[in-house]
Amino acid sequence: MRYDVIIIGAGAAGLMCAAIAGQRGRSVLVLDHANKAGKKILMSGGGRCNFTNYYVEPERYLCQNPHFCKSALSRYSQWDFIALVDKHGIPYHEKQFGELFCDNKSSDILDMLLSECEQAGVKIQLNTSIEAIIDTSINTEVSRENCQYQLLTNKGGSSGEYNCESLVIASGGLSIPTLGATGFGYQIAEQFNLNTYSTRAGLVPFTITNHLKAVCIELSGSSCEVIIECNGQSFRGNMLFTHRGLSGPAVLQISSYWQVGDNLTINLLPDIDLAQALRKTQHERPKLSLKSFIAQWLTQKMSEQLVEYFFTNLFERGVSQTLAELNAEQMDMIAAQFNAWQLGPSGTEGYRTAEVTLGGIDTDEISSKTMMAKKQQGLYFIGEVLDVTGHLGGFNFQWAWASGWAAAQYV
Ligand SMILES: Cc1cc2nc3c(=O)[nH]c(=O)nc-3n(C[C@H](O)[C@H](O)[C@H](O)COP(=O)(O)OP(=O)(O)OC[C@H]3O[C@@H](n4cnc5c(N)ncnc54)[C@H](O)[C@@H]3O)c2cc1C
C-alpha cells in the first residue's frame, strides 16, 4: 500500500504531524505497535494533561545545540495549541507557573488530536510492529511506486508492506516501557548513520540507599518547599520524601541536570537566613529547643527527623539542646546544614518512572526548519526521540506539538 507520508508512533508528536499533514492533502498512515494511541497523553499530568505552558522559551529545554528548538517553537507556539484547544471547547486552567491543565481528563486532548486526524483522512493502524525499513533509492530491487521508503511489518506478506515518500519517526524516548516506549528511533538513526547522544532518564525521582534512607521512609509523604541546585541550575518548588528517596517537582526538575556522582545543594528553608534567625532567637528565647525552633517552618516530624539525622554527632547529650547552649560555630554549621544541605543521591528511579529521556538523536543531523535528516532525503524525526528535553510544566508536549507541526509542513 502506498501513502505520501508514514508516521511511526501515534503519540503526541506523531498525531499532531499526521493531522496537519493530512490537512495539507497528503495521504497519511500512522503506525504504532501499541494497542492504543497516545498512552502517554492519557497518563500525563496526573490524568489531566499539562498540555502546554504560557511561558514557553528555548531556555526551558536541554539540548546539545540550544538554538535548535527555537525555530519550531516560534512557528507553532503555545498560543497556537491553546487556540486548537479552544476550538474544541476543551476546558482548562492554569495551575501554577503558567502550566495549563485540562479541567476534566487528559483524554480531552487525545480525543481532540484523533478527531483532527479523522477529519484530515489520516489512517491510524495500531498493533503494528515495523520489522524493516528499506531505502529503495539504494536497494533498487524493491518496487518503488515513486516512494523512497518501504516498510515491512509484522502483518506479513504484501498486505504488511507499506511504501511512502516521507517517513516520520515519532517513536518517542525510553521512558516508561510499559506505556510502549522503545529505542526504535535510535535504531533507525543508526541504520541511516545519524549520530545519537547517549540517553538517560530525566524528570525522575532520586533514590537514596545510605543511612538517609531511613529518614526518607520515616518522612515518606511529607513535603516542603526548597531551592535545589546542581551544576549551575536551580529550581524552587516542592520536594517530597518517598520510600525510595526524594521526588516532587523541584527534585524532578533538577534530576535532568544531575549526573551520577554529583551532589545536590538543597536549601530547606529558602526564605530564612538561618544563621541570623538562630542568633536573634537565641537572644530572645534561649530555652527554645533546636527542634522546636526549626519546626516554625517545617513540620514537627520533619524537624525532629532532620535535626536528629544531621546533628547526632554534634550533640553528645541528645538532640533536645536549647539554643542557649549553641556557640557561634555550631550555629553556623546548623545554618549551613539547613540552608545548603549537600546531598549525594545514589541514583534515579530510571526509565521505569522517568517522565522523559535526555539525549537522543543529535539535532545537528536534523534541519530545524523541516525536521528532515540533513543527509537522508525524506526521513524526518520529531518529538522526544530527538535530543530535546523540556523542563517539567508542559514544555515537553509543546515540543512534541511544535516539532510535529514543523515536519507536517514539508512531508
Ligand atoms: C507519566 C508521564 C507523564 C507526563 N506528563 C507530561 C505532562 O503533563 N506535560 C508534558 O509536557 N509532558 C509530559 N510527559 C512527557 C510527554 O508525555 C512526552 O514528552 C511526549 O509524549 C513525547 O511525545 P512523542 O510523540 O515524542 O512520544 P510519545 O508520546 O511517547 O509517543 C511515541 C509513540 O511511539 C510508539 N512506539 C514506540 N516504539 C515503537 C515501535 N518500535 N514501533 C511502533 N511504535 C512505537 C509508542 O507506542 C507511542 O505511541 C509525561 C510523560 C510521562 C511518562
Side-chain angles (χ1 to χ4, degrees), residues 6-18 29-53 56 60-62 78 81 92 95 98-102 105-106 109-110 113-114 124-133 151 153-154 167-188 201-205 249 252 256 349-358 360-361 371 380-405 407:
I6 293 182
I7 299 171
I8 301 174
L15 292 176
M16 173 57 99
C17 185
L29 171 69
V30 184
L31 297 174
D32 201 300
H33 68 155
N35 58 0
K36 197 167 177 26
K39 284 191 181 184
K40 276 194 192 165
I41 298 174
L42 292 175
M43 288 288 289
S44 66
R48 291 229 162 94
C49 189
N50 178 195
F51 55 81
T52 193
N53 193 295
V56 174
R60 306 306 301 255
Y61 294 86
L62 292 92
Q78 65 273 40
F81 194 76
Y92 61 88
K95 199 168 163 192
E99 300 165 352
L100 300 189
F101 284 77
C102 295
K105 286 181 292 183
S106 298
I109 298 294
L110 180 57
L113 293 167
L114 292 174
I124 300 174
Q125 185 174 302
L126 302 170
N127 298 307
T128 305
S129 302
I130 288 79
E131 289 172 347
I133 293 177
L151 277 65
T153 69
N154 62 339
L167 177 61
V168 184
I169 308 298
S171 53
L174 294 167
S175 313
I176 320 223
T178 50
L179 292 179
T182 69
F184 179 81
Y186 314 128
Q187 288 154 27
I188 300 307
L203 300 179
V204 62
L252 298 183
S256 296
E349 291 188 6
Y351 295 121
R352 190 178 60 81
T353 59
E355 268 198 26
V356 285
T357 301
L358 292 150
I361 292 160
M371 299 292 143
Y380 297 77
F381 291 87
I382 55 173
E384 201 180 311
V385 72
L386 289 166
D387 170 37
V388 178
T389 308
H391 286 177
L392 191 76
F395 300 99
N396 284 296
F397 277 138
Q398 188 58 39
W399 171 246
W401 317 137
S403 57
W405 184 92

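Remember, it's 1-based here, ligands and their atoms both numbered in the order they're listed. Here the structure is a predicted model, which is why all the values come from computation and not from measurement.
Panel note: side chain Ser171, backbone Gly183; no donor-acceptor pair is recorded below 3.5 Å. In this structure a side-chain-to-backbone donor-acceptor pair under 3.5 Å is present from Ser106 to Arg48. Without hydrogens or angle criteria, Asn396 side chain to Gln398 main chain gives no donor-acceptor distance under 3.5 Å. Side-chain atoms of Asp32 do not come within 3.5 Å of backbone N or O of Ala37 as any donor-acceptor pair. Between the side chain of Thr357 and the backbone N or O of Leu174 there is at least one donor-acceptor pair closer than 3.5 Å. When atom types are taken as modelled, the side chain of Tyr351 and the backbone of Gly173 share no donor-acceptor pair closer than 3.5 angstrom. The backbone N or O of Gly180 lies less than 3.5 Å from a partner atom in the side chain of His33, making a donor-acceptor pair. Checking side-chain atoms of Thr128 against main-chain N and O of Leu126 turns up a donor-acceptor pair under 3.5 Å. Under a 3.5 Å cut-off, the side chain of Asn50 and the backbone N or O of Glu99 do not form any donor-acceptor pair.
Every heavy atom of Ser129 sits 4.0 Å or more from the atoms of ligand 1.
Counting atoms of ligand 1 from 1 in the listed order, those under 4.0 Å from a heavy atom of Gly180 are 36 (N), 37 (C), 38 (N), 46 (C), 47 (O). Less than 4.0 angstrom separates some heavy atom of Gly383 from each of these atoms of ligand 1: 26 (O). Listed by number with element, the atoms of ligand 1 under 4.0 angstrom from any heavy atom of Gly9 are 33 (C), 34 (O), 35 (C). Counting atoms of ligand 1 from 1 in the listed order, those under 4.0 Å from a heavy atom of Glu384 are 18 (C), 19 (O), 20 (C), 22 (C), 26 (O). Near Phe395, the atoms of ligand 1 lying under 4.0 angstrom from a non-hydrogen atom of the residue are 11 (O). Taking every heavy atom of Ala34 and a limit of under 4.0 angstrom, the matching atoms of ligand 1 come to 47 (O). Interface atoms of ligand 1 facing Ser44, defined by a heavy-atom separation under 4.0 Å, are 3 (C), 4 (C), 5 (N), 6 (C), 7 (C), 8 (O). Atoms of ligand 1 found under 4.0 Å from any heavy atom of Asn50 (numbered from 1 in listed order, with element): 7 (C), 8 (O), 9 (N), 10 (C), 11 (O).
The aromatic rings of Trp401 and Phe397 sit parallel, their planes meeting at an angle under 30°, below the 60° perpendicular limit.
Atom 28 (P) of ligand 1 has Gly11 CA, 4.1 Å as its closest protein atom, hydrogens excluded (heavy atom only). Protein heavy atom closest to atom 27 (O) of ligand 1, with residue, atom name and distance, is Gly172 CA, 3.5 Å. The protein heavy-atom contact nearest to atom 47 (O) of ligand 1 is Asp32 OD1, 2.8 Å.
For atom 15 (C) of ligand 1, the nearest non-hydrogen atom from the set His391, Glu355, Gln398, Arg48 comes from Glu355. Distances from atom 40 (C) of ligand 1 to the heavy atoms of Thr389, Leu174, Thr182 put Thr182 nearest. Of all the listed residues (Ser403, Ala12, Ala10, Pro177), Ala12 holds the heavy atom that lies closest to atom 23 (O) of ligand 1.
For Ile176, every heavy-atom contact with ligand 1 shorter than 4.0 Å involves the side chain, none the backbone. Contacts of Ala170 with ligand 1, taken as heavy-atom pairs under 4.0 Å, involve the backbone alone.
Considering both main-chain and side-chain atoms, His33 comes within under 3.5 Å of ligand 1 through a nitrogen or oxygen pair. Remark: ligand 1 and Ala400 share no N or O pair separated by less than 3.5 Å (distance only, no angle test). Here's the thing with Thr128: none of its N/O atoms is less than 3.5 angstrom from an N/O atom of ligand 1. Between Ala13 and ligand 1, a contact under 3.5 Å exists for at least one N or O pair. Among the atoms of Phe397, some N or O lies under 3.5 angstrom from an N or O of ligand 1.
You'll find the side chain of Trp399 stays beyond 4.5 Å of the side chain of Val356, heavy atoms only. Within the 4.5 Å cutoff, the side chain of Lys36 has heavy atoms near those of the Leu42 side chain.
If you take CD1 on Ile382 and CD1 on Ile169, they are separated by 9.5 Å, rounding to the nearest 0.5 Å.
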